[in-house]
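Here the structure is laid out as structure tokens; the discussion comes afterwards.
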Amino acid sequence: MELLVNQSFKLLERSVDASTLKQNVITNNISNVDTPFFKRSDVQFESLLQKEMNKNTKFEGARTHSKHFAIGNEQTTIEPKVVRDDNSIFNNNNNNVDIEYEMALLAENQLRYNLFIQQLNHEIKQKRLAIGGRA
């Protein structure tokens with residue numbers, strides 16, 4: 001089963017989940033644009049992923065058994081974090097939601113989500129081709 005669901009596939013799956021969570025957080029921010037004292041939230045995933053990728057080295061030992069020690073890159077699970085911005089104020093009602101900024105984030109997140117889905121479809125298509133032998 002490891003051949004069908006490798007590390008890059010799992011990472012893409014988590015990226016789609018993070019993108020979905022970000023979509024929900026942004027739409028929540030947009031829906032509360034006129035709510036007094038509402039503070040916007042954001043999802044941190046890309047920065048955590050980049051930090052983890054910079055930390056890893058290229059050297060990795062092969063593990064043929066689950067009881068073998070990991071050599072080199074450790075399998076870490078990166079989970080998206082929802083962070084609330086309590087420090088800024090954008091409107092007179094102490095709300096900090098800028099609708100134009102949120103709409104730009106929404107469009108960016110939609111493009112990112114579409115990219116992840118295309119990459120997942122490509123990987124599934126490649127595996128299907130390898131198993132079936134036809135295009």
Side-chain angles (χ1 to χ4, degrees):
M1 199 63 172
E2 186 68 26
L3 288 174
L4 298 177
V5 183
N6 58 14
Q7 185 65 22
S8 67
F9 194 86
K10 290 177 186 175
L11 184 61
L12 278 170
E13 188 179 14
R14 272 184 267 155
S15 297
V16 168
D17 291 342
S19 184
T20 303
L21 176 64
K22 192 167 190 167
Q23 190 84 359
N24 290 336
V25 168
I26 293 170
T27 53
N28 185 47
N29 290 342
I30 291 171
S31 64
N32 287 297
V33 68
D34 292 327
T35 305
F37 302 103
F38 179 80
K39 299 297 181 187
R40 68 176 300 275
S41 298
D42 199 6
V43 176
Q44 288 183 341
F45 181 71
E46 291 86 9
S47 60
L48 297 173
L49 180 63
Q50 186 67 40
K51 188 175 169 183
E52 190 66 32
M53 289 175 75
N54 289 340
K55 190 173 83 175
N56 289 340
T57 62
K58 299 244 182 218
F59 179 75
E60 184 176 0
R63 294 177 68 191
T64 56
H65 192 271
S66 62
K67 292 185 179 180
H68 288 171
F69 291 110
I71 300 171
N73 294 337
E74 292 182 28
Q75 305 291 328
T76 57
T77 304
I78 303 164
E79 296 294 328
K81 284 187 198 173
V82 177
V83 180
R84 199 170 103 171
D85 180 13
D86 290 326
N87 297 327
S88 63
I89 297 173
F90 186 73
N91 293 329
N92 289 335
N93 59 5
N94 289 330
N95 185 319
N96 64 354
V97 177
D98 179 5
I99 190 70
E100 293 177 9
Y101 179 69
E102 299 296 331
M103 293 303 283
L105 285 178
L106 191 67
E108 178 187 344
N109 190 53
Q110 184 65 45
L111 291 173
R112 184 172 289 138
Y113 178 83
N114 290 343
L115 178 71
F116 293 146
I117 293 298
Q118 282 179 349
Q119 187 64 34
L120 276 174
N121 284 336
H122 176 73
E123 288 212 13
I124 290 170
K125 200 177 287 182
Q126 292 294 319
K127 289 175 184 177
R128 186 176 292 155
L129 178 66
I131 292 171
R134 306 185 259 162

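Computed from a prediction, not measured in an experiment: that's the story for all the values here. Values below: all heavy atoms of this structure, side chains included; hydrogens, waters and symmetry mates excluded.
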Exercise for the section: Not counting sequence neighbours, list each pair that qualifies as a salt bridge (Lys or Arg N to Asp or Glu O under 4.0 Å) and has a residue in residues 84-97. Expected result: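 The answer is Arg84-Asp86.
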Practice task
Scan for salt bridge (Lys or Arg N to Asp or Glu O under 4.0 Å) pairs involving residues 97-117, sequence neighbours excluded, and state none if there are none.
Solution key: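 Non-adjacent pairs meeting salt bridge (Lys or Arg N to Asp or Glu O under 4.0 Å): Arg40-Glu102, Glu46-Arg112, Glu108-Arg112.
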Roughly how far, to the nearest 0.5 Å, is the [atom2] atom of [Y] from the [atom1] atom of [X]?
X: Asn24; Y: Asn29; atom1: CG; atom2: CG; value: 11.0 Å
X: Tyr113; Y: Lys22; atom1: OH; atom2: NZ; value: 15.0 Å
X: Glu79; Y: Phe45; atom1: CD; atom2: CZ; value: 8.0 Å
X: Gln126; Y: Ile131; atom1: CD; atom2: CD1; value: 11.5 Å

Exercise for the section: Please assess Ile99 against Ile30 for the test side-chain contact (heavy atoms from CB on, under 4.5 Å), listing each intermediate value before the final yes or no. Expected result: CA-CA 6 Å; Ile99 190 70; Ile30 291 171; 3.7 Å; yes
Taking side-chain hydrogen bond (donor to acceptor under 3.5 Å, both in side chains) as the definition, give me every residue that meets it alongside [X], ordered by chain and number, with sequence neighbours left out.
X: Asn96; value: Ser88
X: Asn28; value: Asn32
X: Ser47; value: none
X: Gln118; value: none

Handout entry: Pairing residues for Thr27 by the side chain to side chain contact (heavy atoms under 4.5 Å, CB included) criterion, not counting sequence neighbours
Key =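 So Thr27 forms a side chain to side chain contact (heavy atoms under 4.5 Å, CB included) with Leu106.
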Problem - Listed partners of Val82 passing side chain to side chain contact (heavy atoms under 4.5 Å, CB included), at least two apart - result: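 Residues passing side chain to side chain contact (heavy atoms under 4.5 Å, CB included) with Val82: Leu21, Val25, Ser41, Val43.
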Exercise for the section: For the pair Asn91 (side chain) and Asn93 (backbone), establish whether a donor and an acceptor sit closer than 3.5 Å, ignoring hydrogens and angles. Expected result: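 No, because the side chain of Asn91 does not come within donor-acceptor range (under 3.5 Å) of the backbone of Asn93.
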Practice task
Examine distances only and state if a side-chain atom of Lys39 and a backbone atom of Asn87 form a donor-acceptor pair shorter than 3.5 Å.
Solution key: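 Looks like no, no N/O pair under 3.5 Å.
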Exercise for the section: Take atom CG of Asn92 as the centre, draw a 6.0 Å sphere, and report whether it contains more than 12 heavy atoms from other residues, nucleotides or ligands. Expected result: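 Open: at most 12 neighbouring heavy atoms sit under 6.0 Å from CG of Asn92.
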